[in-house]
Amino acid sequence: MKLINKKNKSYSQIFQLFTEEEWTKSSKNYNKNIASLFSGKKNEVFVNANEESIIYFIGLGKSDIQNFEIQQTAVKFSQTRKEKLQAAPTLVLADFLNEKQFEEFIKGLLMGTYSYPFDKSHPFWNTKFEIHFENLSQKKLDTIGTKAEALTAGQTACQEWLNKPANLKNPVILSSYLKALAKKYDLKYTAFNRKKCEESGLNAYLSVNQGSAYDAAFTILEYKTSVKNAKTIGLVGKCVVFDTGGVSLKNPDNMHYMKSDMGGATAVIGALIYAAEMKLPVNIIAILPITDNAISEKAFLPSDVITAYNGKTIEVLNTDAEGRMILADSLSYLAKNYKTELLIDLATLTGSSVRMFGDTCGALFSNNEELKNLLIRTGDKTNQRLWNLPLWDIWKDDIQSDVADLKNISMKPFGDCIIAAKFLEQFIENHPKWAHLDIAGVAFGNTGYAKEKAATGFGVQLLADLIENYH
Ligand code: BES
Ligand code: MG
Ligand code: ZN
């Protein structure tokens, strides 16, 4: 798709946007029967044809709509109209839209083209598809186009990898993708295999990986800006490509959903792509501890005691609480070896957070008021919402072990998302600005493009917005 500041004499396709208020003003110019067919409500589409053109009236809702709602409308329009649209110069009529609102509309059109497997056969990806919009300068349109394509690249990569079946994204396949990605975007790629992890003492990560048929791949991706004195952001994404629960085996009924246990990692990958495409003036250190959580005669066992990277010992009481094991080492490795202004981890960590918030929002934990507020604000803005939960020391008592410094579960039947966060806090090496996002309920769920649960892309826009505005 190209965005062009011009107006042809005639168009075969027109997108005419209305808020309810704008429609009230304009409707008198149309056939009066149309009033019962279109009102400008959010997501309403009315197709109107004349000799030259097919005109899509697209309802945006009330005039005080938020930007993310415009994006939602465009996503839905693009998802449902896929086959019917023509790859042709298209006029967008919407005098009342400001720059930011138009940007959200374009982002939505592009992101709405995603479905699994992504093949870009959607007319929007055809170069003959031009969007003509007179109300913004060509320079502004160029910026919007670049942003929308960067975000879509990040978001679709995120969704595509989360949606892939387990056998098509084993650690070897995923690693070769990440290597290629690093090459494309000039990222520094480092991956520690089992031997290197043993030498480095990444034993909490290795405890999960030891039962795997695949070698360890403790992966570090670094994006560096050429801008001097830029800030550095540390990101960690839980990357369990499939979680069987290990010896503490999961119930099979919903086990297939556990291909989504890399939702933290895919959010980080999406954000990295955005940052690299946009050449954002920040540095990013991203750690993706890649593994599956498998059952085998080599798998770790309940009762095992493991010495983590930071020297703390962990009694494993449940091998299904594997996320916190691999994140523990990732967080302390990042905190000890890199200096970062922010340390943020994202993880599909607990069923407890799903029971608490469903698919409404992610659970947020942080040791820093400013970062907490920034994340909540960014979540509200991007509609990838977060709600803060406490991290009081009371919960530390629940992870005290008789045979180690910590145990990996509390044995109490409640509050596990808090327990897990409290556990992770023991591995941040006193980093002053850390946040943990438990996204188990929001990464994978109902979407407009699939019949079953699928990748929502949660985290990409949230991180992209945060990173873009952090300097
Ligand atoms: N990957 C799961 C958490 C999860 C649950 C993600 C549902 C997405 C949807 C995690 O590794 C896990 O198994 N957690 C256990 C912890 C328990 C054993 C303390 C859980 O929440 O049941
Ligand atoms: Mg598990
Ligand atoms: Zn898991």
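Just so it is clear, the values below take in all heavy atoms, side chains as well, and ignore hydrogens, waters and symmetry mates. The shown structure was predicted, so the numbers you read here are calculated from the model rather than taken from an experiment. Each ligand, and each atom within it, is numbered from 1 in the order the structure gives.
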- Are any of the side-chain nitrogens in E103 or K147 under 4.0 Å away from the carboxylate oxygens of its partner? yes

- May I ask you to decide whether K238 forms a salt bridge with D345, counting only side-chain N to carboxylate O separations under 4.0 Å? no

- Message: Just to check, does M411 reach to within less than 4.0 Å of ligand 1 when the distance is taken from its heavy atoms?
- Response: no

- Query: Does NZ or CZ of K453 come closer than 6.0 Å to the centre of the six-membered ring of Y257, within 45° of the ring's axis?
  - Reply: yes

- Check each heavy atom of D320 against ligand 1 and say whether those closer than 4.0 Å belong to the side chain, the backbone, both or neither. both

- Residue E322 atom name (nearest to the Mg ion (ligand 2); N/O/S): OE1

- Against heavy atoms of R324, which atoms of ligand 1 measure under 4.0 Å? 16 (C), 19 (C)

- Query: Do any N/O/S atoms of D320 come under 2.8 Å of the Mg ion (ligand 2)?
  - Reply: yes

- Looking at the rings of Y449 and Y114, which for Trp means the six-membered one, are their centres under 6.0 Å apart? yes

- Message: Could you tell me, atom by atom, which parts of ligand 1 come under 4.0 Å of a heavy atom of I409?
- Response: 19 (C)

- Item | Heavy-atom side-chain contact between S410 and L317 under 4.5 Å | no

- W392 and W395 aromatic ring geometry - parallel, tilted or perpendicular at 30°/60° bounds: parallel

- Answer with yes or no after comparing the ring centroid distance for Y333 and Y205 against a 6.0 Å cut-off, counting only values under it. no

- Is the NZ or CZ atom of K196 both under 6.0 Å from the centre of the six-membered ring of F218 and within 45° of that ring's axis? no

- Message: Closer than 4.0 Å to some heavy atom of K238 - which atoms of ligand 1 meet that?
- Response: 1 (N), 10 (C), 11 (O)

- Anything protein N/O/S under 2.8 Å from the Zn ion (ligand 3)? Just list residue and atom, please. K238 NZ, D243 OD2, D261 OD2, E322 OE2

- What protein heavy atom sits nearest atom 22 (O) of ligand 1, and how far off is it? G351 N, 4.4 Å

- Aromatic centroids of F15 and F77 separated by under 6.0 Å: yes

- Charged N-O contact under 4.0 Å between E20 and K41: no

